[in-house]
Amino acid sequence: MTFNPLESKGMPVEKQLRTIKQLSSEPYDKREVDPYTRCRIIAMNGIEVESIMFSHQFNRHTDILEVREKLAESRRIEQQQQKVINWLIPGDESTLEATIGYEQLAVDLTAWIARMEPNPYLKQVYDFGLLEDFDHLYRYSNLYELLEGKKAEHLVNELTEIMPGRPTTQEHRHPIDDVRRHWDKHTADPISKLHAMTITSAEQQTMNYYMTIGNRFMEPIARGLYAEIGMIEEQHVTQYESMQDPAQSWFEELVMHEYNEVYLYNSFMETESDPRIKKLWEQHLDMELGQLQVACDLMRRYDGREPEEVLPAELPAPLTMEPNKEYVRDVLAAQVDLTFLGTEPVTETHKRFEAYQDAILATDAFSEDVIDLNRKEQGREYRLQTNGEHPVERLRESTSRGSN
Amino acid sequence: MTMTRFRKDTGTIIKPGPMITAEPDMIVTDEQIEAVMVLEDGNPAFVADSIVSFVVHERLGIQLYKVLTGLSNNPVLKARFKEFLADSEQAVDVYEQLQEHLGIPLAYIPPTARMTEGMDQKIIESFLNSGSADPIALEMAAINAVLTASSLCVANVELLGVIADGMTDEKAVAAVRNAIAELEGPAVEHVEWAKNARRAMARILGRSKTAEKATNMAEEMYGAVKAALS
């Protein structure tokens with residue numbers, strides 16, 4: 001369904017408050033959940049967290065009482081929305097199982113966005129990041145088998161393949177090689193803006209999640225792997241947030257945050273397979289439409305602009321969680337050796353990259369140790385290759401085993 | 001209504017600075033801009049970039065006056081800001097007509113425009129702290145914002161004159177001179193009004209040492225400002 005959110009009033013913010021008991025939503029059954037339902041839940045949790053943190057930052061940059069009050073009212077509702085969404089994740093889903101959900105989301109969200117992105121430079125950046133999260137899925141899946149004795153295929157349901165991407169050891173770059181160019185707010189396609197906001201939120205949530213839960217393990221290999229991949233997630237947040245135009249005003253950013261939430265709830269409402277969760281997305285869409293109205297009103301009064309000046313005439317086509325196996329394979333085959341020099345991709349290694357690698361990889365990396373340990377334990381490493389051999393010869397299992 | 005913001009679907013094109021990425025079919029070079037302009041000598045791209053930054057400044061003026069009209073509780077100032085808003089809309093029209101005369105694409109964003117927009121946006125965003133301003137401080141800040149913004153309007157009109165002096169195409173020179181004739185009066189008037197309003201407020205406020213008299217002073221000040229501008 002395509003529509004213009006500005007023409008829909010939605011649920012008034014003052015009617016959006018839930019009771020405390022409504023916040024502890026009934027979790028899904030981890031044995032039956034559609035993997036993409038899990039992904040959508042993780043995604044919208046990240047989107048709400050970003051929205052909340054942005055609102056807190058905005059609150060710290062203004063002392064106009066009315067603006068602070070309106071932000072506080074919407075923020076309280078967003079905090080409730082976050083609880084309702086994140087509490088759908090069941091307690092019997094282990095931290096590692098949730099982690100594999102996070103990485104499956106990162107893979108198929110990034111791949112879909114890369115496929116749809118009209119700006120070639122931004123598409124290149126998404127392709128670049130895609131291969132790194134794809135590798136994280138493989139590393140965590142091996143940790144999962146090593147620690148819990150289970151195979152990740154029952155989590156990803158063969159919708160996403162599991163095999164090496166750009167090896168995590170090759171992802172450690174000098175900080176200044178993670179900064180990117182940004183789109184211009186006047187010329188960027190609306191979908192480019194929404195893509196960058198969505199990916200930034202998802203990666204930020206992943207970064208925050210690993211920062212928080214990485215120390216909850218007893219096993220040194222698990223603690224180490226979370227620490228290592230957690231560092232890469234910070235690189236990804238740096239990468240994706242720098243794609244957004246810093247020339248947007250606070251009110252423009254506020255409107256764009258609310259608009260992106262409308263876009264995503266509408267997208268997920270249209271594509272959700274679980275009727276109960278679909279109803280939740282529909283309810284939250286109605287709530288976000290109400291919050292968007294508030295943001296637009298603030299923009300008119302305190303930024304002197306009409307929201308129509310910055311928003312598209314209608315909502316872009318829905319974001320869809322779907323398999324991207326062949327796309328990922330194509331990108332892997334073509335770009336596994338890519339790195340960045342400053343803001344630009346390069347195929348050759350360079351001095352700054354090598355110096356940083358020497359500094360941070362002075363000893364072995366946990367991301368390689370986990371594969372070695374699981375291979376030792378199982379007699380093979382864990383992979384899920386539904387579409388044939390790895391597209392990069394040196395990353396095929398027999399080849400990679402032989403090289404160790 | 002004056003269009004105050006350009007988007008992809010309104011045909012915006014850009015000469016991207018070093019940190020910007022844009023879709024290839026939206027990127028233009030100096031040579032492409034010069035190819036569609038009527039000017040053949042001198043540095044047409046500089047002329048285009050300058051004039052676009054001038055019109056962007058006027059567009060941000062529209063935003064500024066909308067915000068100030070909403071923030072002010074002083075009916076005299078409100079009325080004056082509404083007048084200035086109309087003047088800014090008129091200035092945008094004049095600049096856009098000049099762009100058409102010179103062949104400068106209306107939806108062209110050079111780096112100068114982004115920088116101008118960024119600077120002007122910060123003037124508007126300075127009012128995010130207006131919650132800590134008492135009514136008089138707020139009115140003074142609003143007048144200062146008018147003075148700052150309109151001073152650049154005046155300076156831009158002066159630069160138009162310098163640009164016209166360097167042109168040889170008679171029609172182009174005439175178009176620039178016509179634009180100057182339309183823009184100069186209101187721009188100078190805004191600056192003079194702001195200076196006078198500051199003087200009027202200073203005279204009133206300078207008489208009292210105590211903030212307790214703020215309410216009475218405000219009434220007196222509003223009257224003084226009104227008298228000074230009537």
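Being a predicted model, the structure only gives us computed values, none of them experimental. Worth knowing before you read on, the calculation uses all heavy atoms, side chains too, and leaves out hydrogens, waters and symmetry mates. Residue numbers begin at 1 in each chain, while the letters A, B, ... track the order of the sequences.
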Interatomic distance, [X] atom [atom1] to [Y] atom [atom2] [nearest 0.5 angstrom]:
| X | Y | atom1 | atom2 | result |
| --- | --- | --- | --- | --- |
| B:L128 | A:F251 | CG | CZ | 5.0 Å |
| B:E23 | A:L122 | CD | CG | 8.5 Å |
| A:E309 | B:T10 | CD | OG1 | 10.5 Å |

Minimum heavy-atom distance between B:M26 and A:T187, given as atom pair plus value: CE-O, 3.1 Å
Restricting to non-hydrogen atoms, name the atom on B:F127 and the atom on A:I64 that form the minimum distance, rounded to 0.1 Å.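 For B:F127 versus A:I64, the nearest heavy atoms are O-CD1, 3.3 Å.
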Among [options], residue most engaged with chain A (heavy-atom pairs, under 4.5 Å):
| options | answer |
| --- | --- |
| B:I109, B:L64, B:D9, B:L71 | B:I109 |
| B:G17, B:S130, B:A133 | B:S130 |
| B:P18, B:S132, B:G11 | B:S132 |

Select one option (side chain, backbone, both, neither) describing which atoms of [X] are under 4.5 Å from chain A's heavy atoms.
| X | answer |
| --- | --- |
| B:P16 | neither |
| B:I13 | backbone |
| B:M19 | both |

Taking everything shown except [X] itself, do over 12 heavy atoms lie less than 6.0 Å from its [atom1]?
| X | atom1 | result |
| --- | --- | --- |
| A:R76 | CZ | no |
| A:E348 | CD | no |
| B:E184 | CD | no |
| B:F46 | CZ | no |

Less than 4.5 Å apart, any side-chain heavy atom of [X] and any of [Y]?
| X | Y | value |
| --- | --- | --- |
| A:D303 | B:Q121 | yes |
| A:K193 | B:K8 | no |
| A:Y302 | B:I124 | no |
| B:I20 | A:R181 | no |

So which part of [X] gets closer than 4.5 Å to some heavy atom of chain B, the side chain, the backbone, both or neither?
| X | value |
| --- | --- |
| A:R180 | backbone |
| A:P118 | both |
| A:S249 | both |
| A:H61 | backbone |

Test B:T21 against A:Q124 for side chain to side chain contact (heavy atoms under 4.5 Å, CB included), laying out the working first. CA-CA 12 Å; B:T21 175; A:Q124 173 64 82; over 6 Å; no
What residue, out of A:L65, A:T62, A:T343, has the most heavy-atom pairs lying under 4.5 Å from chain B?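 Max contact count across the listed options: A:T62.
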Tell me whether A:R305 contacts the main-chain N or O of B:Q63 through its side chain, where contact means a donor paired with an acceptor under 3.5 Å.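 The answer is no, because no donor-acceptor pair under 3.5 Å joins these two groups.
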